[in-house]
Engineer: 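The structure follows.
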Amino acid sequence: MMQQESQLGGTNGAAADGRHKEVGTDALKRGLAQMLKGGVIMDVVTPEHARIAEDAGACSVMALERVPADIRKQGGVARMSDPALILQIMESVTIPVMAKCRIGHFGEARILEAIGIDYIDESEVLTPADEEHHVEKHDFAVPFVCGARNLGEALRRISEGAAMIRSKGEAGTGDVVEAVRHARAILGDIRRLKSMRRDEMSTFAKEIQAPIALVEETADLGRLPVVLFAAGGLATPADAALMMQLGVDGIFVGSGIFKSGNPAVRAKAIVEATTHYNDWKIVAEVSKNLGEPMVGINVSSLPKEELLAGRGW
Amino acid sequence: MLQRLGIEVTEVRLPKDLEGLDAVIMPGGESTTFAKLAVRFGLMEPLRSFVNQGKATWGTCAGLIFLSKDIGRDQPTLGLMDIRVKRNAFGRQIDSFTAGLQIDSIEGPPFPGVFIRAPIIEQVAGNVEVLCTLDDGTIVAARQGNMFVTSFHPELTDDTRVHEYFVALAESCRPKAA
């Protein structure tokens, strides 16, 4: 878990007097997500998109070859993006850059770590590489974000070392219904947990298949031990404000921006709605004249085998 | 953290939120995001005048960048503190680190410094007082009158000493009752 900088070829002046430096600790991995709180993370497929996102005020970008809407449309096996493309995107902006690896594919995760990515999303949007095991994320110096549909799934990912959780939602649809369902499930269970006695918690931990220590920590904190973002189907400033009001710490927008009519304007509006989610006059103002939203797919019309959220467990 | 010290806190998102405050903290985050939203929602001048009234102001990480006069690139800042800053000075997230720090006016064992994609202060001018350096001399905390900056994140630790230092600074900056 904690690695000395010498193993990683770290940077500045190692301390000689015992006040040694540590890298890759949980505090650092979770801490970066803390710095993203209240912000918007946008999917981008080119350096130009990344610059538009940064100019709009995105706090981070997710570098991809295809946005989820295209992955959904084109089908086939969806893998990690070309490291050359990810590097181009990393060079084009100063905000942190994330990239996706397949569930359980620690090979892809090591490649992303090796090119110096700031955050890895072990994502159900890509085709899973392992149907039994997620990546053992404690072993990495780079932090991971993982999707979850409920509290049990969120705490299992945290126990594997995830430093940030997002709702799975249903990516690439433009339909916010699943993100709402998952955020409500996670946050609702935390509210129930807060009113439980210790003996009830231990039964609850078994029911949701989560480690008791993390269940108790969550109850004591009154929130997840890591930052929780909403993701999967958000497309408008109103969607962003809705999710923030439900109690998430920030927003991922995937296909919703660059599959819309006017990405720069919509990106800026979603950032502003996320910052000022408590001020409906501002959310109303920024919702005006955004042009065509992405064409959506109703999640309820999708056949079960096309749903992405069921990947991972 | 401040609530633990018995201090009343509120969030500042719009200029009106600054009314009635004794002190302001500009937190960590992405300084580019920060600057854009502050410009768009008219916070730049109200924040400048808040600081210029002599009220205590603490910038951590992105907040440090935001207070400084020179960041060597085209990005709006308040431009109030006589420091030259380098953003992401240590590299990417993988180069983020923790280190024990000796900080002037803070007693006791080394303070746990959490540096996340942190900036550094390359140069100070005027009456800026350097409060903390890394072993190689890199400046990571400083003060100029009512302005206090840290490139690390005391709020991500359980150690309240830096917050206590700032509360004392805020007390000393309060206008004395006539």
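Letters A, B, ... mirror the listed sequences (proteins, then strands); counts begin at 1. Just so we're clear, the structure is a prediction, and the values are computed from it rather than from any experiment.
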Engineer: Roughly how far, to the nearest 0.5 Å, is OG1 of T98(B) from CG of D26(A)?
Structural biologist: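 Spacing of CG (D26(A)) from OG1 (T98(B)) equals 11.5 Å.
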
Engineer: Return yes when atom CZ of F106(A) has more than 12 non-hydrogen atoms of other residues, nucleotides or ligands closer than 6.0 Å, and no otherwise.
Structural biologist: no

Engineer: Decide if atom CD of Q53(B) counts as having more than 12 heavy atoms of other residues, nucleotides or ligands within a radius under 6.0 Å.
Structural biologist: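 Atom CD in Q53(B) is packed in, count exceeds 12.
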
Engineer: Would you say the side-chain atoms of R13(B) and T275(A) include a donor-acceptor pair closer than 3.5 Å?
Structural biologist: no

Engineer: Evaluate the side-chain contact (heavy atoms from CB on, under 4.5 Å) criterion for residues R92(B) and V97(A): first the C-alpha distance (whole Å), next the side-chain angles of each, then the deciding distance (0.1 Å), finally the verdict.
Structural biologist: CA-CA 9 Å; R92(B) 305 199 68 95; V97(A) 178; 3.8 Å; yes

Engineer: Given 3.5 Å as the limit, does a donor-acceptor pair link the side chain of Q93(B) with the main chain of L28(A), or not?
Structural biologist: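 Yes; at least one donor-acceptor contact below 3.5 Å.
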
Engineer: Non-hydrogen atoms of chain B under 4.5 Å away: do they reach the side chain of K268(A), the backbone, both or neither?
Structural biologist: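 Interface part for K268(A): both.
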
Engineer: Count the heavy atoms belonging to other residues, nucleotides or ligands that lie under 6.0 Å from CZ of R48(B), then report whether that count exceeds 12.
Structural biologist: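 Yes, enclosed.
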
Engineer: Between K21(A) and F115(B), is any pair of side-chain heavy atoms under 4.5 Å apart?
Structural biologist: no

Engineer: Within a strict 4.5 Å, meaning less than it, do heavy atoms of the L14(B) and I282(A) side chains meet?
Structural biologist: yes

Engineer: What is the distance from atom CD1 of I94(B) to atom OH of Y119(A), rounded to the nearest 0.5 Å?
Structural biologist: 12.5 Å

Engineer: Over all heavy atoms of both residues, which pair between A27(A) and I116(B) is shortest? Give the atoms and the distance, please.
Structural biologist: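 Reported closest heavy-atom pair: O-CD1, 4.4 Å.
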
Engineer: Of the listed residues (H153(B), R117(B), K36(B), E155(B)), which shares the most heavy-atom pairs with chain A below a 4.5 Å separation?
Structural biologist: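 Winner by heavy-atom pair count: R117(B).
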
Engineer: Flag the one option from R73(B), R40(B), E30(B) with the top tally of heavy-atom pairs under 4.5 Å to chain A.
Structural biologist: R40(B)

Engineer: If you count every heavy atom of other residues, nucleotides or ligands that lies below 6.0 Å from Q245(A) atom CD, does the total exceed 12?
Structural biologist: yes

Engineer: Let's test your reading of the structure: which of S96(B), G28(B), G113(B) forms the most heavy-atom pairs below 4.5 Å with chain A?
Structural biologist: S96(B)

Engineer: Of the backbone (N, CA, C, O) and the side chain (C-beta and beyond), which part of N278(A) lies under 4.5 Å from a heavy atom of chain B, both, or neither?
Structural biologist: neither

Engineer: Counting C-beta onward and ignoring hydrogens, is there a side-chain heavy-atom pair between D95(B) and V23(A) closer than 4.5 Å?
Structural biologist: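 Heavy-atom side-chain distance check fails, nothing below 4.5 Å.
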
Engineer: For the candidates C59(A), A58(A), S60(A), which exhibits the highest count of non-hydrogen atom pairs separated by less than 4.5 Å from chain B?
Structural biologist: C59(A)

